[in-house]
Engineer: 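Have a look at this one.
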Amino acid sequence: MKAPISKVDSVSTETAEVSFYFYEEKNDYPDAILEMFSPLGDQVFKPGKVPFEFNIKNYPFADGLSGFQLKLILNASDPVGYNMPIFQRELKEGTYRAVAFLVDEEGLALKEFGNYVDRDFRVGDTRPFPFSSEPYLAINLPHDKQEFNSEDEVTIDFLLLGGDIKLDKLKVIITIDDAKYEVNEMTPVRISNLPKGEHLINVKLVQNNGKELDGPFSSVNKRIFIN
């Protein structure tokens, strides 16, 4: 799909026609299993080093895929990659939602059931997240403040957790500045021909009728720069 997008600076207004599209993706590791042994659900830790421990099956983790193979997102932050299943993170007091997932050779999140896992835990004297059965999003790509060359395509890669996009009658709305694109499947969306400068990307999970969800992670913002 092509959509006009306007970029305004102090001197002029630039209008371009950006392209939204996706490739037919194939999951090379549909049977890969990611199990999370630590933290346990609603486990409470002292501020400082928090242990993370995973078990990985049916996936060439030890054989060395290119790039990071296991990624971890905490509270909608940018994912951090790891090449080992056991590690620690220095964390301050707070309530955390961890989303861990495996990636393919291109760095895209594997999206079959079992390829990813989520877990809530706490550090210090904090309250748990309010109970919610609503599904939510985790954004693998792009990273916040990531820079791209003007000839590069920008990839929006996301996971939907706690629900099914078709069975629960959901859709994902991707907005870049004033351009909008809707998808009803968990397929990475590619974007090309963005004007140079700073762009705000919003990825939002809503019901098919447009009603927004109440969860804290149903909408995620990322800011990117085109050079």
Side-chain angles (χ1 to χ4, degrees), residues 1-3 5 18-34 36 41-42 71-79 95-104 106-120 128-144 153-191 199-224:
M1 187 193 84
K2 294 184 181 293
I5 186 171
V18 300
S19 296
F20 294 86
Y21 51 95
F22 54 86
Y23 306 126
E24 186 173 344
E25 306 285 348
K26 179 182 178 183
N27 188 344
D28 294 327
Y29 310 101
D31 299 324
I33 300 295
L34 180 63
M36 192 174 193
D42 296 321
K71 290 191 175 183
L72 176 69
I73 295 174
L74 295 178
N75 288 0
S77 62
D78 289 332
T95 303
Y96 292 88
R97 176 163 296 173
V99 178
F101 54 95
L102 302 171
V103 300
D104 62 15
E106 193 181 345
L108 299 174
L110 301 185
K111 299 176 177 66
E112 296 292 337
F113 180 78
N115 296 163
Y116 52 88
V117 63
D118 62 335
R119 190 71 48 83
D120 287 356
F129 289 118
F131 173 78
S132 174
S133 59
E134 288 188 339
Y136 66 97
L137 293 172
I139 308 300
N140 177 33
L141 296 171
H143 291 186
D144 192 42
E153 65 179 13
V154 176
T155 300
I156 312 293
D157 185 36
F158 60 91
L159 287 169
L160 187 151
L161 298 101
D164 183 276
I165 200 165
K166 296 189 184 301
L167 294 179
D168 295 325
K169 298 180 180 179
L170 303 168
K171 63 182 177 181
V172 174
I173 301 176
I174 298 171
T175 304
I176 301 184
D177 301 330
D178 54 0
K180 185 179 293 186
Y181 184 66
E182 296 184 1
V183 291
N184 57 4
E185 53 187 303
M186 279 203 303
T187 300
V189 175
R190 319 288 179 137
I191 306 163
H199 299 274
L200 178 64
I201 297 176
N202 174 260
V203 185
K204 180 185 294 186
L205 182 67
V206 301
Q207 297 178 5
N208 276 341
N209 60 9
K211 182 181 178 181
E212 296 189 6
L213 304 180
D214 296 327
F217 305 114
S218 61
S219 179
V220 181
N221 290 324
K222 301 287 182 180
R223 198 170 295 274
I224 64 168

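This chain uses plain numbering: 1 for the first residue, then up along the sequence. The structure displayed is predicted, hence computed values, not measured ones.
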Engineer: Could you tell me whether a side-chain N or O of Asn115 sits under 3.5 Å from a main-chain N or O of Ala32, the two making a donor and an acceptor?
Structural biologist: yes

Engineer: State, to 0.1 Å, how close Lys222 and His143 come at their nearest heavy-atom pair, and which atoms those are.
Structural biologist: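 Of all heavy-atom pairs spanning Lys222 and His143, the closest is CD-C, 4.3 Å.
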
Engineer: Ignoring hydrogens and geometry, is there a side-chain-to-backbone donor-acceptor pair from Asn75 to Thr95 under 3.5 Å?
Structural biologist: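 Yes, the answer is positive, given that a donor and an acceptor are paired below the 3.5 Å cut-off.
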
Engineer: Measure across Leu213 and Glu134 and return the closest heavy-atom pair with its distance rounded to 0.1 Å.
Structural biologist: CB-OE1, 3.4 Å

Engineer: Just do the salt bridge (charged side-chain N to carboxylate O under 4.0 Å, His left out) check on Asp120 and Arg97 with the steps written out, would you?
Structural biologist: CA-CA 4 Å; Asp120 287 356; Arg97 176 163 296 173; 2.8 Å; yes

Engineer: Short question: side chain of Asn140, backbone of Gly107 - any donor-acceptor pair under 3.5 Å?
Structural biologist: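 Yes, Asn140 side chain to Gly107 backbone: donor-acceptor pair under 3.5 Å.
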
Engineer: Drop me the distance from Leu102's CG to Leu34's CG, to the nearest 0.5 angstrom.
Structural biologist: 4.5 Å

Engineer: What's the shortest heavy-atom distance between Lys111 and Met186, and which atoms?
Structural biologist: CD-O, 3.1 Å

Engineer: Just verifying a value: how many Å separate Ile73 CD1 and Tyr96 OH, rounded to the nearest 0.5 Å?
Structural biologist: 15.5 Å

Engineer: Which residue is it: Thr187, Leu141, Ile201? I am looking for the one with a side-chain contact (heavy atoms from CB on, under 4.5 Å) to Ile156.
Structural biologist: Ile201

Engineer: Can you check whether Leu200's main-chain N or O pairs, donor with acceptor, with Asp177's side chain at less than 3.5 Å?
Structural biologist: yes

Engineer: Nearest 0.5 Å, what's the CG-CD distance between Asp168 and Gln207?
Structural biologist: 9.5 Å

Engineer: Taking the side chain from Asp28 and the backbone from Asp104, do they hold a donor-acceptor pair closer than 3.5 Å?
Structural biologist: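 Between the backbone of Asp104 and the side chain of Asp28 there is no qualifying donor-acceptor contact (under 3.5 Å).
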
Engineer: I need the minimum non-hydrogen distance between Asp144 and Asp78, along with the two atoms involved.
Structural biologist: N-OD1, 2.9 Å

Engineer: Tell me whether Tyr21 at atom OH has more than 12 heavy atoms from other residues, nucleotides or ligands lying less than 6.0 Å away.
Structural biologist: yes

Engineer: In the structure I gave you, are the side-chain heavy atoms of Leu161 and Tyr116 within less than 4.5 Å of one another anywhere?
Structural biologist: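 A side-chain contact exists here, since the closest heavy-atom pair is under 4.5 Å.
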
Engineer: What is the minimum heavy-atom distance between Leu170 and Pro135, and which atoms define it?
Structural biologist: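 That would be CD1-CG, 3.6 Å.
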
Engineer: Nearest 0.5 Å, please: how far is CZ in Phe101 from CG in Asp118?
Structural biologist: 12.0 Å

Engineer: For the atom pair CG (Asp164) and NZ (Lys169), what is the distance rounded to the nearest 0.5 Å?
Structural biologist: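 The NZ atom of Lys169 is 12.5 Å from CG of Asp164, to the nearest 0.5 Å.
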
Engineer: If we ignore hydrogens and angles and just use 3.5 Å, is the side chain of Lys166 paired with the main-chain N or O of Asn184 as donor and acceptor?
Structural biologist: yes

Engineer: For a side-chain contact (heavy atoms from CB on, under 4.5 Å) check, start with the C-alpha distance between Tyr181 and Val189, then their side-chain angles and the critical distance, and finish with the verdict.
Structural biologist: CA-CA 9 Å; Tyr181 184 66; Val189 175; 3.8 Å; yes

Engineer: With a 4.5 Å cut-off on side-chain heavy atoms, are Leu160 and Leu205 touching?
Structural biologist: yes

Engineer: In the structure I gave you, are the side-chain heavy atoms of Phe158 and Val183 within less than 4.5 Å of one another anywhere?
Structural biologist: yes

Engineer: Work out which heavy atom in Val99 is nearest to a heavy atom in Tyr136; give both atom names and the distance.
Structural biologist: CG2-OH, 3.7 Å

Engineer: Does Tyr23 OH have over 12 foreign heavy atoms under 6.0 Å away?
Structural biologist: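 More than 12 heavy atoms, drawn from other residues, nucleotides or ligands, come within 6.0 Å of this atom.
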
Engineer: With a sphere of 6.0 Å drawn around NZ of Lys171, does it hold more than 12 non-hydrogen atoms of other residues, nucleotides or ligands?
Structural biologist: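 Count over threshold, so yes.
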
